[in-house]
Asker: 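Questions regarding the structure given below will be posed in turn.
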Protein chains: 2
Amino acid sequence: MARKVRKGDVAADEAVYGAIRRAMHLGRLAPGTKLQEPALARVLKVSRERVRKALHRLVHEGWLTAVPNRGTFVPSLSVAEMREIYDVRSMLEAAIVRRLSEGHSAGAARRLKAHIADEKAALKINDRGRAFELSGEFHVLLAELCGNDELAKLLRGLLTRSTMHFSLSAPQQLHNCAGPHDHGDIAEAILGGKAEKASKLMLAHLAGLIELQSTHPPSAKRSDLVEAFRGV
Amino acid sequence: MARKVRKGDVAADEAVYGAIRRAMHLGRLAPGTKLQEPALARVLKVSRERVRKALHRLVHEGWLTAVPNRGTFVPSLSVAEMREIYDVRSMLEAAIVRRLSEGHSAGAARRLKAHIADEKAALKINDRGRAFELSGEFHVLLAELCGNDELAKLLRGLLTRSTMHFSLSAPQQLHNCAGPHDHGDIAEAILGGKAEKASKLMLAHLAGLIELQSTHPPSAKRSDLVEAFRGV
DNA sequence: TGTTGACGTAATGTGCACATTATTTTACCA
DNA sequence: TGGTAAAATAATGTGCACATTACGTCAACA
């Protein structure tokens, strides 16, 4: 990040924004942690204003919660909120797989097969981190294959928010999806044109994720900022 | 708005944000209009920093588009983007009415009936503005009746974005919904427990809206800022 | 006359200093 | 010793001044 800072440097903004998001995604920032602007500016080696801008953006996007004159905090997503998000995802993703089952391009089928192969490979060599990442991207991929950018963007936001409190609690020993072969089954149903089956499988898959996450209540301990942003 | 500006004054921020959103909703700001910070600060009688904050928020929420070192502009929503948004709405709202048809509380039924009555009353006395407002709220109401806050919040964003380029082009002589009795029919199907029929009606309703909006291409003329924010 | 170049003006982006508020520490008293 | 209040400290919020960039104007030249 040792670049010359010029006017309108969107890369620096993105770097700060990305660093915080990455730290959250890696589970380095426990819910309830206060993100102090001076401390963050020191750790990330940027000005306080840049930190402020990134924090405001993250608040607007729902990643963080701001309390006036108090500061910005990592939210403690309740189980109820999580269930609501999964509920919305169920509506959208059921419609997505149904639509894909009823018709998709040859390129879509190829990308889908390639992704499933990647996931299996990652599981085979026991690469937890990669498998976790890919399992999340699977759901985004399905949205992208519909050819609707708005849909993909929306689902990406829902996915990251729904997996947030999960990855915040215990990201090391988790797998992003209940059954490792769930994705393969869903893809198979889509490629076979079985709309109802694909829809049912997706709903069951998401229901399984809710159960899995509900059993992992997030811990209450606060995180240290210097530790959290080590190498992100 | 003649208040003493104190530390952490969230009301002032909200006022600026609301003024811009209201001006857009009223169709005062034509697509392509540049929102200059000094001019806005003069018109709204606030500091430039406050305007900047509001603009950044509106950009992050998708209402405006920012070009680095160039400024912030009222976006020209293409027909393709509009269709994508309506596509997502179709997925969600079909699921919503299906769910409501399969079961809802007595209070939900009462609120739904009351809303339909309000809409009919507004149409009867030919109150275009009120009818326009209510017709939009109908869709949000359905989401709210599901008891899922995340869902309602999401749909509200989609609704405002989808009606944006419409209200930007010719908001005066428009009705927000294709058939004036569409909402009544949908509500009737929901209250009668006819899930499939309600779903079909909603999809047809949204399809009609797309057609209606596709025939109204937004004008290309720029807006004057002092004129746009008169009394908002 | 059309085009290109430089210059002046005005906008955006950023860091800094200060005001205000919250939090912690400390001292004092019952 | 426990509790309360006040002062010190540190954080957030805001306006301002300056640097940088884009845009419009005008003149010179082919």
Side-chain angles (χ1 to χ4, degrees), chain A residues 1-20 29 32-60 63-75 222-226 228-229, chain B residues 1-20 29 32-60 63-75 222-226 228-229:
Chain A
M1 206 166 74
R3 296 174 55 261
K4 184 75 179 300
V5 175
R6 282 173 318 185
K7 167 74 169 285
D9 194 344
V10 67
D13 286 339
E14 207 66 29
V16 176
Y17 171 84
I20 300 176
L29 293 171
T33 302
K34 179 177 180 181
L35 296 178
Q36 294 187 123
E37 298 169 2
L40 268 178
R42 260 200 318 272
V43 171
L44 298 178
K45 307 278 181 57
V46 294
S47 70
R48 189 165 78 93
E49 280 65 29
R50 217 167 273 272
V51 172
R52 283 177 67 80
K53 215 197 298 184
L55 289 179
H56 284 147
R57 179 178 170 188
L58 288 160
V59 166
H60 288 145
W63 291 97
L64 302 173
T65 48
V67 183
N69 300 332
R70 290 281 307 277
T72 310
F73 300 85
V74 180
R222 302 295 181 267
S223 303
D224 181 40
L225 289 187
V226 271
F229 288 94
Chain B
M1 205 167 77
R3 297 174 54 260
K4 183 74 181 299
V5 176
R6 283 174 319 188
K7 166 74 170 284
D9 195 344
V10 67
D13 287 340
E14 206 66 29
V16 177
Y17 172 84
I20 301 176
L29 293 172
T33 302
K34 179 177 180 180
L35 295 179
Q36 295 188 125
E37 298 168 1
L40 267 178
R42 259 198 318 272
V43 171
L44 298 177
K45 306 281 182 52
V46 294
S47 69
R48 192 165 75 95
E49 280 66 30
R50 216 167 273 271
V51 172
R52 283 178 66 80
K53 215 198 296 185
L55 289 179
H56 285 147
R57 179 177 169 189
L58 288 160
V59 167
H60 288 146
W63 292 97
L64 302 173
T65 49
V67 182
N69 300 332
R70 290 281 307 275
T72 310
F73 300 85
V74 179
R222 302 295 182 265
S223 303
D224 181 41
L225 289 187
V226 253
F229 287 94

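Chain letters run A, B, ... following the sequence lines, proteins first, then strands; residues in each count from 1.
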Asker: Sequence neighbours left out, what pairs pass salt bridge (charged side-chain N to carboxylate O under 4.0 Å, His left out) with at least one residue falling in residues 64-73 of chain A?
Answerer: none

Asker: State, to 0.1 Å, how close A/R50 and A/D13 come at their nearest heavy-atom pair, and which atoms those are.
Answerer: NH1-OD1, 3.1 Å

Asker: Among the nucleotides C/dT21, D/dT21, D/dG15, which one has an atom lying closest to any side-chain atom of B/N69?
Answerer: D/dT21

Asker: Do the side-chain N or O atoms of B/S47 get closer than 4.0 angstrom to the phosphate oxygens (OP1, OP2) of D/dT14?
Answerer: no

Asker: Within the structure provided, determine whether A/L29 and A/L225 are in side-chain contact (heavy-atom separation under 4.5 Å).
Answerer: yes

Asker: Grab the two heavy atoms, one from B/F73 and one from B/G32, that are nearest each other, plus how far apart they are.
Answerer: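 Heavy atoms of B/F73 and B/G32 come nearest at CD2-O, 3.8 Å.
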
Asker: Please work out if A/Q36 contacts a base, only the sugar-phosphate, or nothing of the nucleic acid, heavy-atom cut-off 4.0 Å.
Answerer: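 Sugar-phosphate only.
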
Asker: Phosphate oxygens OP1/OP2 of C/dC16: is one of them under 4.0 Å from a side-chain N or O of A/R48?
Answerer: no

Asker: To the side chain of B/E49, which of C/dA11, C/dA17, D/dC16 is closest?
Answerer: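 Nearest nucleotide to the side chain: D/dC16.
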
Asker: Nearest heavy atom decides the nucleotide; on that basis, is B/K34 or B/R52 closer to the 5' end of DNA chain C?
Answerer: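 Comparing both residues, the 5'-ward one is B/K34.
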
Asker: To the nearest angstrom, how far is B/F73 atom CZ from D/dC23 atom C1'?
Answerer: 11 Å

Asker: Is B/R50 close enough to D/dT14 that one of its side-chain N or O atoms is under 4.0 Å from OP1 or OP2 there?
Answerer: yes

Asker: Nearest to the side chain of B/R70, which nucleotide is it out of D/dT12, D/dA22, C/dT12?
Answerer: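 Out of D/dT12, D/dA22, C/dT12, the nucleotide with an atom closest to B/R70's side chain is D/dA22.
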
Asker: How many Å lie between NZ on A/K53 and P on C/dT12, as a whole number?
Answerer: 14 Å

